[in-house]
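Working notes, beginning with the structure itself.
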2 protein chains.
Amino acid sequence: MKLSSQAQAFVLHFGEMGSRWGFNRTVGQMFALLTIQSEPLNADQLAQALKISRGNVSMGLKELQAWRLVELHHLPGDRKDYFTAAGSIWDLARTVFEERRKRELDPTLTLLRQLLLNEPQDEQETLAQQKMQEVYDLLELLDQFANTLSRLEQKDLLKLMKLGSGISKLLELKARAKGGSTKPT
Amino acid sequence: MKLSSQAQAFVLHFGEMGSRWGFNRTVGQMFALLTIQSEPLNADQLAQALKISRGNVSMGLKELQAWRLVELHHLPGDRKDYFTAAGSIWDLARTVFEERRKRELDPTLTLLRQLLLNEPQDEQETLAQQKMQEVYDLLELLDQFANTLSRLEQKDLLKLMKLGSGISKLLELKARAKGGSTKPT
DNA sequence: TTGTATTTTCAGAAATTTCTGAAAATTGTA
DNA sequence: TACAATTTTCAGAAATTTCTGAAAATACAA
């Protein structure tokens, strides 16, 4: 497995960005390679192509499986495990998006729900809780919205994302359809 | 500056989550504290409340300023710099969202634009470039959509986020209004 | 079974990131 | 100008994360 300089650059970049997207360098690289590679790869091929240890590949694959970003395959007459990216680019993006929502929002929502159960003991705490409630409301809304988006059919999601500033007009349209003011701005 | 156990928990949690949101532990803590605190705080107060070094606070504040998440204030008769969170919770969320879009998408878009300029040299590279093009198209669309969302007026953003699965219906509504098929599904 | 291929685990090494604290730089005052 | 208050810087220490590679575990075939 020799990587073209193109592939090399792509893979290294995903390694660098990895930490911003929620995984470490080598997991990012493995994900990138499996994404541009059409043929399934086994652990040894990954280790060799990325020049990392076999053990690291094993851990990385475990993590990619936890993210549900890779699929396991078997080739007839070969006992090795082979992996491909799990689905189309859109599928992968959706999965990353969902996983990140879970990891970045849910723990905070859980904590805030807890904290907001307590009675504030003084002025100071009352103010702090007000802020926490605001944070909670916003994150809760964001969480639901992210959920809605990731459940949307690709066709609809595409339409929505292509609307651009047309979104405002559409929302206005809806307001009128529902029986709001009939006077357009 | 004594933190209530509520505030303590909130601050520590933001510290833990920090790395997932794009900043390190102490920056996360400082941000959290400034968010629930209504009064401006100076660097010494932050260091004392969070039990971290003065130097660390200085670096943290610099980073929060780079994120445009804090505002500098001066109190009459006091030479120290005082800081507050920059704006409402919604403002803060919007800022974090924008900054993250820049940091997480833009570098990759730039790289992919570059790579896609090269002529593929063989079958292998052609396939890889096809995938890269797909990744590019998706990230580009996502980037523009994120941009649109962060420019939306709060009122509209709120409406949109509250739509839930009503989004599909709204998109359908729009299709009809534009003169699509008149037969609803 | 036994043997071989393959994967997983995990202790310690290496790399990276974060943090401290003292010194340097800056700012404002008199 | 001299001086005191404040902030910033940054070398090295500490903490954390990532990675390696050998050993253990597992899976499968004969």
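Naming: A, B, ... by sequence-line order, numbering from 1 per chain.
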**Request:** Return the value, rounded to whole Å, for the distance between atom CG of A:D78 and atom P of C:dT4.
**Result:** 19 Å
**Prompt:** Could you give the CZ-to-P distance, from A:F83 to C:dT7, as a whole number of Å?
**Reply:** 8 Å
**Item:** B:M59 side chain, from C-beta outward: closest of C:dT20, C:dT8, D:dA29
**Value:** C:dT20
**Message:** Regarding A:E98 and A:R101, does a basic nitrogen lie under 4.0 Å from an acidic carboxylate oxygen?
**Reply:** no
**Message:** Over all strands shown, is B:I52 touching base, sugar-phosphate only, or nothing at heavy-atom distances under 4.0 angstrom?
**Reply:** sugar-phosphate
**Message:** Is there a side-chain contact between A:R54 and the phosphate of C:dT7, meaning an N or O under 4.0 Å from OP1 or OP2?
**Reply:** yes
**Message:** I need the NE2-P distance between A:H74 and C:dT7, as an integer number of Å.
**Reply:** 8 Å
**Prompt:** Expressed in angstrom and rounded to an integer, what is the separation of A:N56 atom CG from C:dA14 atom P?
**Reply:** 16 Å
**Asked** If we ignore angles and hydrogens, is there a donor and acceptor under 3.5 Å between the side chains of B:T26 and B:N24?
**Response** yes
**Complete:** B:R79 CZ to D:dC3 C1', in whole Å, measures 10 Å
**Request:** Give me the ring orientation class for A:F23 and A:W21: parallel if the planes are under 30° apart, tilted from 30 to 60°, perpendicular past 60°.
**Result:** perpendicular
**Request:** Let me know the distance between CG of A:L50 and P of D:dT20, rounded to the nearest Å.
**Result:** 10 Å
**Message:** Taking the ring of B:F31 and the ring of B:W67, is the distance between their centroids below 6.0 Å?
**Reply:** no
**Request:** Counting heavy atoms from C-beta on, name the nucleotide in D:dA5, D:dT20, C:dT8 closest to the side chain of A:S53.
**Result:** D:dT20
**Prompt:** Contacts to DNA chain C from residues 18-44 of chain B, heavy-atom cutoff under 4.0 Å, which residues?
**Reply:** B:N24, B:R25, B:T26
**Message:** In whole Å, I'd like the distance from the NZ atom of B:K80 to the P atom of D:dA5.
**Reply:** 10 Å
**Prompt:** What nucleotide, of C:dT9, D:dC10, D:dA4, holds the atom closest to the side chain of A:K62?
**Reply:** C:dT9
**Asked** A:L46 and side-chain contact (heavy atoms from CB on, under 4.5 Å): which partner among A:R54, A:M30, A:Q29?
**Response** A:M30
**Asked** Do B:D91 and B:S88 meet the criterion of a side-chain donor-acceptor pair at a distance under 3.5 Å?
**Response** yes
**Request:** Map A:G55 and B:D81 onto DNA chain D by nearest heavy atom, then report which one ends up closer to the 5' terminus.
**Result:** B:D81
**Item:** Atom-to-atom span, CD of A:E63 to P of D:dC19 - whole angstrom
**Value:** 10 Å
**Message:** Does either side chain, that of A:Q133 or that of A:D137, offer a donor lying less than 3.5 Å from an acceptor on the other one?
**Reply:** yes
